[in-house]
Q: 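Got a structure here, written out as structure tokens. Questions coming.
Residue indices begin at 1 and follow the sequence shown.
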Amino acid sequence: MLSSFAVQFLNGLAGASALFLVAAGLSLIFGVSRIVNFAHGSLYMIGLYVACTAAQAFGKGPAGFWGAVLVAAFVGAALGAAIEIAVLRRIYRAPELFQLLATFAVVLLLRDAALYLWGPEDILGPKAPGLEGAIEILGRAFPAYDLLLIAIGPAVLAALWLLLARTRFGLLVRAATQDREMVAALGVDQKWLFTGVFALGSALAALGGALQMPREPANLGLDLVAIGEAFVVVVVGGMGSIPGAYLAALLIAEIKALCYGIGTVNVLGTSVAFSKLTLVAEFLVMAAVLVWRPWGLLGRAQAAVRAPGPPEPPLRPIGRGASVALAALVVALAFLPLAARGYPYLTVLAIDILIAVLFAASLHFIMGPGGMPSFGHAAYFGLGAYGAALLVKGLGAPMEAALLLAPLAALAGALVFGWFAVRLSGVYLAMLTLAFAQIVWSAVFQWDEVTGGSNGLVGIWPSARFADRSAYYLLTLAIVVAGLALLRRVALSPFGYAMRAGRDSPLRAEASGIPVARVHWVGFALAGLACGYAGALFAFAKGTISPETISVGRSIDALVMVLLGGVQSLAGPIVGAATYTSLADTIMRATDYWRALLGLAILALVQLFPQGLAGGAARLAARLRERAR
């Protein structure tokens, strides 16, 4: 038993080094630029691909293997610098969430670039020369290469400490982390400082990927996996803290190794599979740490400093003319099935767009008026979908009853998770929502007896009354319009203005008698309920659901829809969801490289409309009115 735990402890140390290399680069970038860089995981993936290719080209032997690792790090640095110069440097004055949208577009571009260069198949890298075998430790074999990884983590930590503490570049980095406006006032060229930090952080990510050559194959799914784990480590350790990142990497890696080593044990007559916790261990740790210490283990509260911009205009009810136009649009949409006769796919696409609109609008309700960004909104979408499926499949409930009751599961989840989430803010709040979503995903993925596990549930079809696709479209339209009307009514009510007050100035709002946490909690729950209806509609529209319904990718889709349309406008999520879903569907059917085209489209829209499509249209209309006067 002792030898088993010793080996698992060493496995944890090796895993911690791999986590730390990626997280350290992400922490550096955030500390200086305040950008939550979604593309960081893509650089890890590219580093592994480049290392595998370079190792094959350089041939066998230590020079070939370690030369490939160095080449991958240099490629990662160059790619990171290019991303900063070509994309991010142009939008540093844009809202932070739009910078996140730009980095997501880069993820799409790099994913398809890897698909084009290396193809869809996994690529295996060579073993490290001289380290192919194992070493006996307490009677158990342990990979020799993993011992090297254990040493690399502390070595990189020491090198970063020397760089940041003993060099002028490090001094500037630390100063920019504390007050980058003051650094600019002292005459430091922030542009090249940011470029250097991005290059260094990207090199660390690519190095982390390259060092995984003997341990895992290069594949196209590594980008989201790596960025998810890196975000967790950085947030648990404290945003911008390099020692915190290493401490968090050690904590998470050791807990995962311990859970895997324990396996299944009998507790009070019940078999408990600790090994299954490895899928979600890091998110359980993150949730616990953020609830206990909201700024991470070694972090501290800090706000991003932005150049002052024009105040956000108050939300106002739309005029009579706009109300008539909206009513006409709803009537026109009601007649769409007649116009789409002979084109049945158009009705299917319209259903998908309507569901996406309600999904995005529910997220916008907490992001816009509430100021609560969420990286895990798909949890409530999935709870609504699975709730509907289980009511129909497990209890034999009619579709109408399932549609009515299933969103209550999403409401319950939002009430529980929101109680903890609303006490945080910014990226910490967003990451806590991601943790909760991943916990839900893990439960759905592993609860085979109830949810069907990875296979999901099938045969979830509408009742006979709505079996016709046109009838189901009209039902979807009615529910979505009602949901949007409710969310808009609440946003324009005194409750909605109380949410905005808590968002803009929580201390002043509390002093005015507004219970900010309670107001945001109720708003969070209402958004979860609306999202649950979108999920229930989705289940009956597709007839089948799987854990993908709650995946990180679906949460990111909702985030992109909201940002694309514009956070500051109630019309933003509607425009963003319709645009994103239509673009994705059209491009997806046109080419295998649809992600790259979609990424280019998103980058173009971010450059042209930094306030989102709806915000850009509103500004254009205002300018036209001014000229007309």
Side-chain angles (χ1 to χ4, degrees), residues 12-48 73 76-77 80 100 103 107 149-150 152-161 163-164 173 177 197-212 215-216 222-257 281-287 289-290 293 295-300 375 427-428 430-432 434-435 438 552:
L13 291 178
S17 290
L19 281 175
F20 171 67
L21 286 174
V22 185
L26 184 63
S27 189
L28 272 174
I29 291 172
F30 178 84
V32 173
S33 68
R34 299 295 188 271
I35 287 180
V36 180
N37 182 20
F38 259 134
H40 202 69
S42 300
L43 296 166
Y44 171 91
M45 175 187 72
I46 295 294
L48 181 52
L100 185 149
T103 63
V107 170
L149 286 182
I150 292 173
I152 286 177
V156 171
L157 176 63
L160 287 175
W161 180 83
L163 176 68
L164 296 176
V173 168
T177 300
V197 170
F198 260 85
L200 176 58
S202 301
L204 288 171
L207 177 63
L211 288 172
Q212 295 304 303
R215 306 182 85 207
E216 66 177 327
L222 285 175
D223 50 0
L224 290 182
V225 173
I227 191 59
E229 292 180 344
F231 271 145
V232 170
V233 171
V234 170
V235 169
V236 171
M239 299 295 285
S241 172
I242 302 299
Y246 187 72
L247 177 61
L250 278 176
L251 176 64
I252 291 170
E254 290 296 350
I255 289 177
K256 292 181 71 172
E282 62 263 42
F283 296 100
L284 290 171
V285 171
M286 181 170 68
V289 168
L290 290 183
R293 186 176 174 83
W295 311 114
L297 296 174
L298 298 183
R300 59 181 178 178
F375 289 174
V427 70
Y428 293 97
M431 291 304 296
L432 185 58
L434 174 62
Q438 287 301 101
V552 175

Q: Go through the structure and list residues passing side-chain contact (heavy atoms from CB on, under 4.5 Å) with Val156, not counting sequence neighbours.
A: Phe20, Leu21, Ile152, Leu160, Leu204

Q: Looking at every non-hydrogen atom in both residues, tell me the closest pair between Gly76 and Ala206 and how far apart they are.
A: CA-CB, 3.7 Å

Q: When you measure from the side chain of Ser202 to the backbone N and O of Ala199, does any donor-acceptor pair fall under 3.5 Å?
A: no

Q: Under the 3.5 angstrom rule, does the side chain of Ser17 hit a backbone N or O of Gly153 as a donor-acceptor pair?
A: yes

Q: Describe, in one word, how the ring planes of Phe38 and Phe231 are oriented to each other, choosing from parallel (under 30°), tilted (30 to 60°) and perpendicular (over 60°).
A: perpendicular

Q: So how far is it from Ile252 CD1 to Met286 CE, rounded to the nearest 0.5 Å?
A: 8.0 Å

Q: Find the distance between CG (Leu26) and CD1 (Ile35) and round it off to the nearest 0.5 Å.
A: 11.0 Å

Q: To the nearest 0.5 Å, how far apart are NE2 in His40 and CZ in Phe198?
A: 9.5 Å

Q: Could you walk me through whether Leu48 and Glu216 satisfy the side-chain contact (heavy atoms from CB on, under 4.5 Å) test, starting with their C-alpha distance in whole Å, then the side-chain angles of each, then the deciding distance to 0.1 Å, before giving a yes or no?
A: CA-CA 9 Å; Leu48 181 52; Glu216 66 177 327; 4.2 Å; yes

Q: Do you know which two heavy atoms are closest between Ala23 and Val234, and how far apart they sit?
A: O-CG2, 3.3 Å

Q: Starting from the C-alpha separation in whole Å, work towards a yes-or-no answer on side-chain contact (heavy atoms from CB on, under 4.5 Å) for Asp223 and Tyr44.
A: CA-CA 7 Å; Asp223 50 0; Tyr44 171 91; over 6 Å; no

Q: What pair of heavy atoms forms the shortest contact from Val236 to Ala248, and how long is it?
A: CG1-CB, 3.7 Å

Q: Could you walk me through whether Glu254 and Leu13 pass side-chain contact (heavy atoms from CB on, under 4.5 Å), step by step?
A: CA-CA 7 Å; Glu254 290 296 350; Leu13 291 178; 3.5 Å; yes

Q: Within the structure provided, determine whether Val36 and Thr103 are in side-chain contact (heavy-atom separation under 4.5 Å).
A: no

Q: Once you round to the nearest 0.5 Å, how far does NZ of Lys256 lie from CD of Glu229?
A: 4.5 Å

Q: For the residue pair Ser241 and Ser27, what are the closest heavy atoms and their distance?
A: N-OG, 3.2 Å

Q: Distance check, rounded to the nearest 0.5 Å: Leu222 atom CG versus Ser42 atom OG?
A: 10.0 Å

Q: Could you work out, with side-chain hydrogen bond (donor to acceptor under 3.5 Å, both in side chains) as the rule, every residue matching Gln212, not counting sequence neighbours?
A: Arg215

Q: Leu157 versus Trp161: any side-chain heavy-atom pair under 4.5 Å?
A: no

Q: Any chance you could lay out the side-chain contact (heavy atoms from CB on, under 4.5 Å) test for Val173 and Leu200, step after step, and finish with the verdict?
A: CA-CA 11 Å; Val173 168; Leu200 176 58; over 6 Å; no

Q: Quick one: closest heavy-atom pair of Met431 and Val232, and the distance?
A: CE-N, 4.0 Å

Q: At what distance, to the nearest 0.5 angstrom, does CG of Leu28 lie from CG of Asn37?
A: 12.0 Å

Q: Identify the heavy atoms of Ala24 and Ile242 that sit nearest to each other, and give their distance.
A: O-CD1, 3.6 Å

